There are 2 protein chains.
Amino acid sequence: MNTTPNLTKNQSLVLDVLTRSEAPLSAYTILDKLRDSGFRAPLQVYRALDKLIEMGIAHRLESLNSFVACAHANESCCGHAHGHGHHGTVAFAICESCGQVNEFHDHAIDDRLAGWAKERKFKPSKTTIEIRGLCEACMH
Amino acid sequence: MNTTPNLTKNQSLVLDVLTRSEAPLSAYTILDKLRDSGFRAPLQVYRALDKLIEMGIAHRLESLNSFVACAHANESCCGHAHGHGHHGTVAFAICESCGQVNEFHDHAIDDRLAGWAKERKFKPSKTTIEIRGLCEACMH
DNA sequence: GTTCGTTGTGTTATGCTATAACGTGTGGCA
DNA sequence: TGCCACACGTTATAGCATAACACAACGAAC
């Protein structure tokens with residue numbers, strides 16, 4: 001069981017499923033994996049996911065309509081730890097062959113996007129960066 | 001009518017709708033706008049969109065499940081024009097209040113992502129960058 | 001010009017993704 | 001005790017996307 005404090009039962013169950021998975025999972029796949037634990041409806045999954053994402057310990061992959069556990073949940077690399085290793089914008093490299101996801105973040109990109117936003121007086125709330133392609137293992 | 005050459009009738013109709021719209025449109029919204037032109041089924045829209053995106057004259061916004069006409073269809077700023085002003089990865093700033101979308105691209109970010117990919121021998125096929133937030137006009 | 005492959009089209013049916021709306025239960029706190 | 005905030009459970013519905021099949025239009029090759 002994942003022992004992150006202050007998680008409700010449903011949130012823990014969903015996070016566990018995500019943490020154990022090699023690849024991102026859709027909400028409905030999560031639901032299926034949790035039927036034995038008493039889950040019956042999509043909303044139970046979506047509500048847990050919303051909270052996990054809000055806490056920064058799970059992420060949504062927009063280009064896949066799927067979800068992953070945060071790979072950096074215990075780091076706080078950017079100087080301002082918000083309880084769960086909050087860092088700047090996170091980027092994902094997603095292999096379209098094996099489905100594996102690599103999470104990373106990059107100050108230079110953050111700065112660049114922040115600069116663009118500042119120039120235009122645009123106030124960012126959430127930024128999505130996803131690279132789809134082939135990982136080394138899947139290339140010929 | 002949009003006069004981009006080599007578009008089929010359906011593709012032109014869809015592109016026209018996108019071009020005239022201030023904000024991104026979902027496939028079903030496009031469908032509704034084209035009922036009078038004979039469209040009856042989602043697939044007619046999706047097929048046209050697929051081609052337009054492939055040609056680089058429309059984009060999909062992953063975080064909205066919606067589509068926009070390319071704002072730079074006639075530019076070729078990065079030195080290699082692929083017929084339709086093909087440039088590097090495109091980024092979008094999306095106002096969550098008014099819905100307006102600002103399309104831009106940034107060499108530094110491109111380079112940075114390319115560098116990351118090269119280091120890991122990851123071969124990118126498509127990159128998504130979307131900033132959601134509030135535009136200047138919508139801030140208080 | 002006929003044959004054939006490719007591409008676009010039209011249609012029905014279906015599957016996947018996400019949320020609305022309502023009600024219940026529980027724990028903190030004045 | 002009464003209230004409030006929040007998690008949870010359930011049903012129904014809305015919104016997004018594609019499978020599978022059939023037909024038409026076009027160009028290239030012969």
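Every chain is numbered from 1 and lettered A, B, ... according to where its sequence line falls, protein lines coming before strand lines. Keep in mind it's a predicted model, so treat the numbers as computed, not measured. Because only heavy atoms are used, hydrogens play no part in the values below, and waters and symmetry mates are left out as well, while side chains stay in.
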Check: In whole angstroms, how far is the C1' atom of C/dT9 from the CG atom of B/Leu43?
Finding: 10 Å
Margin query: Side chains of A/Cys98 and A/Cys135, heavy atoms from C-beta outward: is any pair under 4.5 Å?
Written below: yes
Item checked: Contact under 4.0 Å: B/Asn65 side-chain N or O vs C/dA18 OP1/OP2 -> no
Notebook entry, point to check: Excluding sequence neighbours, so at least two apart, what forms side chain to side chain contact (heavy atoms under 4.5 Å, CB included) with B/Leu49?
Noted result: B/Val14, B/Leu18, B/Ala27, B/Ile30, B/Val45, B/Phe67
Notebook entry, point to check: Run the side-chain contact (heavy atoms from CB on, under 4.5 Å) check on A/Leu25 and A/Val17 step by step: do they pass?
Noted result: CA-CA 9 Å; A/Leu25 299 176; A/Val17 168; 3.5 Å; yes
Notebook entry, point to check: Bend angle of the helix from C/dG1-D/dC30 to C/dA30-D/dT1 from five-pair axes at both ends, rounded to 10°?
Noted result: 20°
Next item on the list: Evaluate whether the aromatic ring of A/Tyr46 and the six-membered ring of the C/dT19 base sit under 5.5 Å apart, centre to centre, with an inclination under 30°.
Entry: no
Item checked: pair B/Leu7-B/Met55: side-chain heavy atoms closer than 4.5 Å -> yes
Checklist line | For atom CG of B/Leu7 and atom P of C/dT7, their distance in whole Å | finding: 16 Å
Check: Under 4.0 Å: is that the gap between some side-chain N or O of B/Thr8 and OP1 or OP2 of C/dT7?
Finding: no
Item checked: Nonpolar side-chain network containing A/Leu134, other nodes, edges under 4.5 Å -> A/Met139
Check: How about B/Leu13 and B/Ser37: do any of their side-chain heavy atoms sit closer than 4.5 Å?
Finding: yes
Notebook entry, point to check: Which residues in residues 95-102 of chain B have at least one heavy atom lying under 4.0 Å from any atom of DNA chain C?
Noted result: none
Notebook entry, point to check: Do B/His59 and B/Val90 come within less than 4.5 Å of each other through their side chains, counting heavy atoms only?
Noted result: yes
Notebook entry, point to check: Quick one: salt bridge (charged side-chain N to carboxylate O under 4.0 Å, His left out) partners of A/Lys33, sequence neighbours excluded?
Noted result: none
Notebook entry, point to check: Quick one: is B/Gln44 getting a side-chain N or O under 4.0 Å of the C/dT9 phosphate, OP1 or OP2?
Noted result: no
Notebook entry, point to check: Do any of residues 34-42 of chain B sit with a heavy atom less than 4.0 Å from DNA chain D, and if so which?
Noted result: none
Check: Any ring-ring contact (aromatic ring centres under 6.0 Å, His included) pairs touching residues 33-55 of chain B, not counting sequence neighbours?
Finding: none
Checklist line | Counterpart residues, side chain to side chain contact (heavy atoms under 4.5 Å, CB included), relative to B/Ala108 (two or more places apart) | finding: A/Arg112, B/Asp106
Review item, nucleotides 22-29 of chain C N/O atoms under 3.5 Å of protein N/O:
none

What pairs of donor and acceptor atoms, side-chain ones from residues 116-129 of chain B against any protein atom, are under 3.5 angstrom apart with sequence neighbours left out?
residue: B/Ser125; atom: OG; partner: A/Glu96; partner atom: OE1; Å: 2.9
residue: B/Ser125; atom: OG; partner: A/Arg132; partner atom: O; Å: 3.1

Notebook entry, point to check: Given side chains that start at C-beta, do those of B/Lys51 and B/Thr8 come closer than 4.5 Å, heavy atoms only?
Noted result: no
Checklist line | First-last contacting nucleotides on DNA chain D - partner chain B, under 4.0 angstrom, heavy atom | finding: D/dC16 to D/dA20
Next item on the list: Examine the side chains of B/Glu130 and B/Ser63 and answer whether a donor and an acceptor come within less than 3.5 Å of each other.
Entry: yes
Checklist line | Interatomic distance where CG belongs to A/Asp50 and P belongs to C/dT17 [whole Å] | finding: 16 Å
Next item on the list: Name all pairs fulfilling the side-chain hydrogen bond (donor to acceptor under 3.5 Å, both in side chains) condition that reach into residues 21-32 of chain A, sequence neighbours left out, sorted by first residue then second.
Entry: A/Glu22-A/Gln100, A/Ser26-A/Thr29, A/Asp32-A/Arg35
Check: Do B/Asp16 and B/Arg20 pass the side-chain contact (heavy atoms from CB on, under 4.5 Å) test, and can you show the C-alpha distance, the side-chain angles, and the key distance before you say yes or no?
Finding: CA-CA 6 Å; B/Asp16 277 355; B/Arg20 280 201 275 265; 3.9 Å; yes
Notebook entry, point to check: Less than 4.5 Å apart, any side-chain heavy atom of A/Ile131 and any of A/Phe92?
Noted result: no
Notebook entry, point to check: Given atom NZ of B/Lys51 and atom P of C/dT6, what is their separation to the nearest angstrom?
Noted result: 13 Å
Next item on the list: Specify the separation, in whole Å, of atom CG of A/Leu64 and atom C1' of C/dA18.
Entry: 16 Å
